[in-house]
Structures are given as structure tokens and as C-alpha cells.
Enquirer: 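Dropping a structure here in C-alpha cells format, bear with me for questions.
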Amino acid sequence: MEDPTLDPLFADLTEPQAEAVRHTEGPLLIVAAAGSGKTRVITRRIAYLIGCGIVPWSVLALTFTNKAAGEMRERVLHLLGGADSRQARGLTVTTFHSLCSRLLRKYADCAGLKPDFTIYDTSEQTALCKKVIESLQLSTTNFQPRNVLGVISNAKNKLQGPEQFAATTYDFASKTIAKIYASYAKALRGANAVDFDDLLLLTAKGLRESAVFREECQRRWKYLLIDEYQDTNQAQFEIASLIAGEGEANDAGVKRGPNICVVGDPDQSIYGWRGADISNILDFEEHYAGAKVILLGENFRSTSSILAVADTLIKNNKKRKIKPLFTRKQGGDPVDAVLCRDERHEAHIVAQWLKARHLGDARSAGEPWREMAVFYRTNALSRVLEETLRSEAIPYTIARGTAFYDREEIKNALAYLKVVANPADDVSLSRIANVPTRGIGDTSVDKVEEWARLQSETLLEGMRNVSSIDGVTARSAASIQRFVAMLDSWTGNGTFLGSEISGSLADLVNRVLKESGLEAMYRHQAHTSKSEADEERLDNLAELVSSAREFELEYDPDSDPAAFPGVDLASAGVLSETPPLLAMLRAYLESVTLMADADTVDPAQGSVTLMTLHAAKGLEFGAVAMIGMEEGTLPHSRARESESELEEERRLCFVGITRAMRRLHVSAAKYRAIRGLSERTIPSRFLAEMPTEYMNIHDKGGGLESTTEWDEMDQSAPEDRPARKAASPMAAEFPVGCRVRHPQFGIGEIKSIMSGAQTRAEVQFRDVGRKTLILEYARLTKVN
DNA sequence: CAACGACGCTCGAAA
DNA sequence: AGCGTCGTTG
């Protein structure tokens, strides 16, 4: 029955793996333990589907990151016979967010949107939310945009619109948030913008409410595959179910349910905080009656020592579906566990360990730098590590792809482009109105904004009508009119950018940078301030132009999953009117906004990778070091109250451990500086939960007699801890007016005792231009 | 309207 | 320690 030409797809697969590949019809749940060859199974399965004669464009595979999608696509193409991609034409492998964005552009009117909407990132969301709170005459201290957005995001992830959310509120505060939510949603529509959560929410809503939207998707995609299913939220569940539909009866008239294949591991569910609903995977069999379930329990990645540590740890989770995790590999080096003095010491020890692994030893060959990684719970932990690695000349890269696009100069440039792409984008417009300064002050912008709000018009329309707005000086009005004229020169007269510019995106970016005066502004700054950072800004702008050029080279308008084969774009209305350059600009801005941190991890580079535990999911490295294994850091202090959050922290730790193939190093610091203050820590309970027989434990923290068990360490109750006692003793030693010496800043005088803080004082120094600094007592000595 | 400096708040992970 | 905001000054 099986086509012999497909045999290679089954080469070196275990029986459960092969079974998963072979199961093409009807719902399928693959519970894939860490390192169980999940990606291999998924890619072979897609190739097998196509090999069986299923049209590629009826296959939809969804992942969480662009990187995962890219790799999956690549591997499928490879299996189908190399670079010749014709066989896979129309195959959709993408992220949830990208898919939703494209679908919403195509079916914009089904979702109450215009197809040229902008996607707001976190900072734009915050800016808009703040404006909304202010316009409702509420205090942004009582209702902090950050917190309010968190509540709104949770609601959206649960598919609650403003009305549904309002129905769940009883107390005053949440009722007020419901009002903010309603206004915020309205403001987003007014700016022709959506936020990240809207991409999912509005797609789910559109699919549910519009039969056209839903049926076209169902008609196209007959085979659905979802990776990391344990991390899907309710909105994503809804989208998947609606696209999957009911399934069709086969030739024999037997109904099997839809061809939806989900892959995941409940033990690696680490996104509960952003609405991931683990019951999606746990209840899959209930949602899809007759679903086939395949367990992949054999680990092909790690040594048995590493696996034993991971397995013993995760067994401490009470709410857990027990599943086997085993390997045929035996032995392996023990896991190194080190207690360090403080974060600098820890960084040093990790650096030495990385160097030793790089060189290799009698038992094992050296690891190339790119095969090594350091994981941490919070981004703040990376700084000391970076400094140390730099001074030790260890090449490293931080997996924080968004960092580039977070820079002020880049955000300004992108804001200009966003306004070009979507003139209704008020948040971006108000950001750049006076950057560089062109005589449009906050007061004038406020006036125009107020007018626009009252008229339900966009800010740009307000600016056009500035002459009729009271309270704007003639001078400001003239500046605003010049500004509007500049914007019009880029977009205006129906011909997008006229005919002066070729269809090049990079040229467009360049032109906007020059004519807006942004480039000149940063060049001027670089000249006058001559600080390193300012010179870098110009380079970054140049880098932005290159990124646009790069995008342009790879851009393929046909790869849009919403550009359905056979669907005539001209008949789809608005899309046909869009000049190609504008379409490309929008696609570029979209890709920039939907870029994930993990997307920029480039293993081809010869450097150690630094990243958060969350970003590490789905990756593997020869040698892994995990730092900051302390109570309050991992598990994080904010997770302490709830048992379920604690279990999620444990899963996070499990994810980190199971990334390691050959060597693992875990460390804790006895003192760690948090917000600049050094604090005594307690080793993480997760260390105590690891089996010591697979570990090499070193106490390099000093002070304590060497102990071999983690749980014997730091038995001292918090009250007994040395240092940082009450303020009085130190404050008494260094009264106000007392003269002190600091090793770095020289002689100074105590100006004030920091209230609340017990370890710091404000000191004014003579030798440093009478600068006032806040310093720790510990580094001060008294002088007479 | 812009530049500068002091103050105060914050740090949890992300598309 | 780092950033944004507020208040003061030019």
C-alpha cells in the first residue's frame, strides 16, 4: 500500500515516530517529550502528505516564531528534493501572528478593519493607552498603562471584547478598566491600528462571524498542523478549530473529524502568563472525538545524567500527566552545580567553564562556541555576564532581536514610515511631529489632538485643518502646515511617492530619513556630543536602510498566505489599488513588528548564545550554563504565591536543562545585586530537587564550611543574615556632614541619609565637579 | 520651546 | 543603576 518512493521519509524513525508520520487523516495529538525528535516528525509528516499527492497549498503549519517556521519550511523543502521548491508551492508554514495579520488584511471588512492597518508594538500600545486614560480624565498613577494593558491583554486572550469584559466586572477599579478598554479599542480602530492580541482576537471573531471568511479558509486548508500546542491560548484554539472545521466524510462515508495535527508537551508549557491555556492540549481528545494520540517519550538529545536531573526535577510537579522520558544513551558527564559568592564571581566561573568546554578534555572533544549557551530567568541578569565574557574575550551574542528596533533613532525612523504606510496612525504621527524639532510644540499638538478627538478625526486631518483650530499660534500653525506638506510629498497626489522613486524600499527609507531631517539631526548630535552612543545612532540608521534592502531582496508578494491561488486580487477590492511599493513597505513594517527575540538566534555565528529561558525553548546546545538558580529569581518572586505559577517556573527550569546535549552547568550566587543593591539569596529549591548522584557540587561561595548537599546550605533564617541590618548603626557611623572617602570618587561629604534604604547615602563629592551620588556605605571610609 | 538636572519609580517572561 | 517625568532656566 505504501509508496516505496516515500520510504526514505521513514528511514531512521522509531515506530511511534513513523506512526505519527503515517497518520494523515483525522485528528492527531503528538505528545512529544523534550528532545524526542519532534521537528523531524513534523517535517517528515508534511513531506509525506505532499508525497502522497496532497496539494501543498492545502497544508497549513503554524508555529510560534518566525525562526521555527523558517526552519520547518527549509527542512520540508530539503526532504522534497532540495532547492527546487516547485513541489511545495503554496505550502503555508508561518506563525499565528503573521497568518492572522495577512488574513485580516484580506478579510478586513469581515473584521471591521481597513486592509492597510498598522500593528502597534508594546510601546505604541502603551502610548495610546496612556492617551486614552488621560482623555477619560483618569489618573495614570491609579491606572498605570502597563497594568491596564495587562488586564486588557488577558481579556483579549480569553476572547473577551470590551462588552464581554465589562460583563465580568463588579468592583469599581475593573469597571473603570472596562471603560478604558472600550475607549482603547475605539482609539485603535480610529488610528487604523491593531495590537498583538487583536491579531488573534479579531481573526477568531472574523472567522466565527463571517461565513465567507471561514469557508474560504476551510476550503483552502485541509491539513492543519500546530507546533507548541501547549502554548496556545483560547484565541488561537478558536482560530485553529474554526479553520479545521468539522472534517469531511471519506469516500466510504466515514467521518473522522478534521485533519488537525497538534504537537506539544505539557511539561514545556511556560507561557501561562500570556494566556496560554494548557487545557487546550490536555483536552484535545475531548474536543476531537476519536483523536489518535501518540506519545514520543524517547529522548535523543541529552546524556542520561542530564535527563535524570530533568526528569527528577519535573516529577515534583503535582499537576502533571505522567509520561515516560527515557534515553538509550548511558552515562555522560555529571551536571556541574556551583554556589558562587556573587554575580561577578558567578559570571567568572561560568566564563571559565565555557572556556574549558571549548578546549575540551581527555574524555570529550571541545565544543565550538556556537554550541554553547547561557540561560537566565530575567534579562537583567545578562549585564554582568556580558561584561565578564567581553573581558575574557569569549565571543557571545545576545538573543534579543528586538533590541535593534527598540532604539530611539530606529523607532523614530519607523514612526515616519508607519505614517507613510498608514496616515491614520496617530501614535506614530504625534511621536515624530517635532522630531527633529521644527517648531511644533507639545501644546500645539495637544490642541490638535483635542480637536481631532472631538471631531472623531485623525490627527493628520486635524493638522490639515490647523488654521481653524483655536489656541494654536500662527507660528505653530505654519510649522504644522509645512510638516503636513512634507508628508504629502511622500504619499500624496494619488501616486504613491510619485514617479521619482523606483520601486525600491531601501530608496524610500533613505529618502524619508533625509527629507525628514532625522539623519541630519543625528549627524549634528554625533558632531556636538561626540559621545560613542550618538555616533552609533547614525550607523543604526544606515543599518535600517540595509535591513530594508535585505527585506526587499527576499520579498515575494506571492508568498502571502492570504493571496489564495485562484483568487483574483483585483476582485478583492482595495488590494488591487495598492501600489507595489506601498504593499512592500507594509509587509516590511509588519515583519519588523512581528519579529521575535528568538528569531535572531543565528547558530552560524561562532559565538556563545545568551538568552532567557523562555527564548531557549525549542533549541538545543552541546553545553549549557544556567545562572541565577536562586529563590526569587528562579522560581521568580512573583510566582511564589500560587502553586500553578510555581509549577510553571519548574517547567521553565526543566526546559532549560533539557536544551543541553552533553554538558550542563547550574549556578547560584550567595549575594546578588538587585536594583543596584547586593542582597543575600537562598539557593533555588529546584537545585535541592535535583538528584545529587548525577551531579558535581561545588561550594565556592566561601564563608560556609564546604557542604555537599544543597539543602544543608543556608539554613540561617532571614533574621540571622549578616549585613543589611537596620539603618541606625550605619547611619550613626556616617552622619550628615561627615567627610568620607570613596575608592573611585575621592573625598566627599554626606549630604543626606537615604530614607528607607538602609545601605546607601547621598554624598556630594568635591573632586567630581561637586556631583551628588548615591552610594553604598560599604565602599565609604570616614576621614577627618 | 528646548535643554538640563533632580527626583522617583521600577525590573517578569513576549508576539 | 537606568529611565521617564517634572520643574526650572535660558
Side-chain angles (χ1 to χ4, degrees), chain A residues 63-69 95-101 119-123 125-127 130 140-141 144-147 150 153 156-157 194-200 228 231 233 235-236 270-276 375-384 399-402 405 408 434-445 473 475-476 479 528-529 590-599 611-617 628 632-640 645 648-649 651-652 655-656 673-678 751-752 754-757 760 762 771-776:
Chain A
T63 63
F64 273 78
T65 66
N66 294 303
K67 185 165 176 273
T95 66
F96 265 104
H97 286 86
S98 294
L99 175 77
C100 290
S101 168
I119 303 167
Y120 276 177
D121 67 17
T122 313
S123 68
Q125 280 178 55
T126 314
K130 193 168 165 238
T140 48
T141 13
Q144 291 177 2
R146 228 182 104 95
N147 300 340
S153 174
K156 288 186 177 181
N157 289 333
V194 299
D195 64 20
F196 288 124
D197 302 313
D198 278 342
L199 289 174
L200 305 177
E228 307 283 12
D231 288 331
N233 61 29
Q236 286 158 326
I270 55 174
Y271 283 107
W273 53 272
R274 67 176 204 206
F375 302 153
Y376 34 80
R377 176 65 176 82
T378 65
N379 280 309
L381 296 188
S382 74
R383 227 189 68 228
V384 177
R400 208 167 6 175
T402 50
Y405 296 100
E408 172 204 300
N434 206 27
V435 180
T437 55
R438 48 170 74 89
I440 305 175
D442 291 341
T443 357
S444 314
V445 175
T473 62
R475 218 172 119 152
S476 297
S479 306
T528 48
S529 90
E590 176 183 296
S591 80
V592 166
T593 313
L594 296 184
M595 169 102 71
D597 280 357
D599 291 343
M611 63 175 108
T612 63
L613 283 163
H614 283 91
K617 199 179 62 164
T633 302
L634 182 66
H636 195 269
S637 52
R638 307 252 285 239
R640 247 193 303 240
E645 281 188 73
E648 183 156 312
E649 296 289 307
R651 291 194 291 268
L652 197 51
V655 165
I674 298 160
R675 279 172 286 205
L677 282 179
S678 184
K751 207 175 137 197
S752 72
M754 299 301 289
S755 61
R760 293 193 295 174
E762 208 172 10
K771 239 181 145 58
T772 305
L773 302 167
I774 296 170
L775 297 163
E776 290 189 36

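Since this is a predicted model, take the numbers as computed values, not measurements. Order of the sequence lines sets the chain letters (A, B, ...), proteins ahead of strands, with each chain counted from 1.
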Enquirer: Determine the contact category for A:N434: base if any of its heavy atoms lies under 4.0 Å from a base atom, sugar-phosphate if only primed atoms, P, OP1 or OP2 are that close, otherwise nothing.
Expert: sugar-phosphate
Enquirer: Just checking A:T593: base, sugar-phosphate only, or nothing, at a heavy-atom cut-off of under 4.0 Å?
Expert: nothing
Enquirer: Do the non-hydrogen side-chain atoms of A:F196 and A:D121 ever get within less than 4.5 Å of each other?
Expert: yes
Enquirer: Is the phosphate of B:dA15, meaning OP1 or OP2, less than 4.0 Å from a side-chain N or O of A:N233?
Expert: no
Enquirer: Provide, to the nearest angstrom, the distance between the CG atom belonging to A:L613 and the C1' atom belonging to B:dA14.
Expert: 14 Å
Enquirer: Taking for each residue the nucleotide of DNA chain B with the nearest heavy atom, is it A:T437 or A:I270 whose nucleotide lies nearer the 5' end?
Expert: A:T437
Enquirer: Base, sugar-phosphate, or nothing: which does A:S476 touch, judged by heavy atoms less than 4.0 Å apart?
Expert: sugar-phosphate
Enquirer: So do A:T633 and A:Y376 actually touch side chain to side chain, heavy atoms under 4.5 Å?
Expert: no
Enquirer: Take atom CZ of A:R438 and atom C1' of B:dA2, then tell me their distance rounded to the nearest Å.
Expert: 15 Å
Enquirer: At less than 4.0 Å, is any side-chain N or O atom of A:T612 found next to OP1 or OP2 of B:dG12? Yes or no.
Expert: no
Enquirer: For A:F375 and A:G656, work out which heavy atoms get closest and say how close.
Expert: CE1-O, 3.6 Å
Enquirer: Which part of the nucleic acid, if any, lies within reach of A:S591 when heavy atoms closer than 4.0 Å are counted: base, sugar-phosphate only, or nothing?
Expert: nothing
Enquirer: Measure from the side chain of A:Q144, starting at C-beta and using heavy atoms only, and say which of B:dT10, B:dA13, B:dA15 lies closest.
Expert: B:dT10
Enquirer: In whole angstroms, how far is the P atom of C:dA1 from the CZ atom of A:R383?
Expert: 8 Å
Enquirer: Under 5.5 Å centre to centre and under 30° between planes: does that hold for A:F196 and the six-membered base ring of B:dA14?
Expert: no
Enquirer: Give a yes/no on whether any side-chain N or O of A:R638 is located under 4.0 angstrom from OP1 or OP2 of B:dG12.
Expert: yes
Enquirer: If I take atom CG in residue A:N157 and atom C1' in nucleotide B:dA15, what distance separates them, rounded to the nearest angstrom?
Expert: 10 Å
Enquirer: Which pair of non-hydrogen atoms, one from A:L613 and one from A:V655, has the smallest distance, and what is that distance?
Expert: O-CG1, 4.3 Å
Enquirer: Please state how far atom CZ in A:F96 lies from atom C1' in B:dA15, giving the value in whole angstrom units.
Expert: 12 Å
Enquirer: Crowded around A:N147 CG? As in, over 12 foreign heavy atoms under 6.0 Å?
Expert: yes
Enquirer: Which whole-number value in Å describes the distance from A:M611 CE to B:dA13 P?
Expert: 15 Å
Enquirer: Side chain of A:E645, heavy atoms from C-beta onward: which of B:dA15, B:dC1, B:dG12 has the nearest atom to it?
Expert: B:dG12
Enquirer: According to a strict under-4.0 Å criterion, is A:K130 in side-chain N/O contact with OP1 or OP2 of C:dG4?
Expert: no
Enquirer: Less than 4.0 angstrom between a side-chain N/O of A:S444 and OP1 or OP2 of B:dC1, yes or no?
Expert: yes
Enquirer: For the pair made of CD in A:E649 and P in B:dG12, what is the distance, rounded to whole Å?
Expert: 11 Å
Enquirer: May I ask you to say what A:I440 touches in the nucleic acid, namely base, sugar-phosphate or nothing, with a heavy-atom cut-off under 4.0 Å?
Expert: sugar-phosphate
Enquirer: Determine, for A:E645 against A:R638, whether the closest basic-nitrogen to carboxylate-oxygen distance falls under 4.0 angstrom.
Expert: no
Enquirer: Would you say B:dA13 has OP1 or OP2 under 4.0 Å from some side-chain N or O of A:N379?
Expert: yes
Enquirer: Between atom CZ in A:F64 and atom P in B:dA13, what is the gap in whole Å?
Expert: 19 Å
Enquirer: The side chain of A:R146 is closest to which nucleotide in this list: B:dC11, B:dA14, C:dT5?
Expert: B:dC11
Enquirer: Just by modelled atom types, is the A:N157 backbone N or O under 3.5 Å from a matching donor or acceptor in the A:D197 side chain?
Expert: no
Enquirer: Classify the nucleic acid contact of A:N66 as base, sugar-phosphate or nothing, counting any heavy atom under 4.0 Å across all strands shown.
Expert: nothing
Enquirer: Checking contacts here: which listed nucleotide (B:dA14, B:dA15, B:dC1) is nearest the side-chain heavy atoms of A:D197?
Expert: B:dA15
Enquirer: Can A:H636 be called stacked on B:dA13 when the rule is centres closer than 5.5 Å and an angle between planes below 30°?
Expert: no
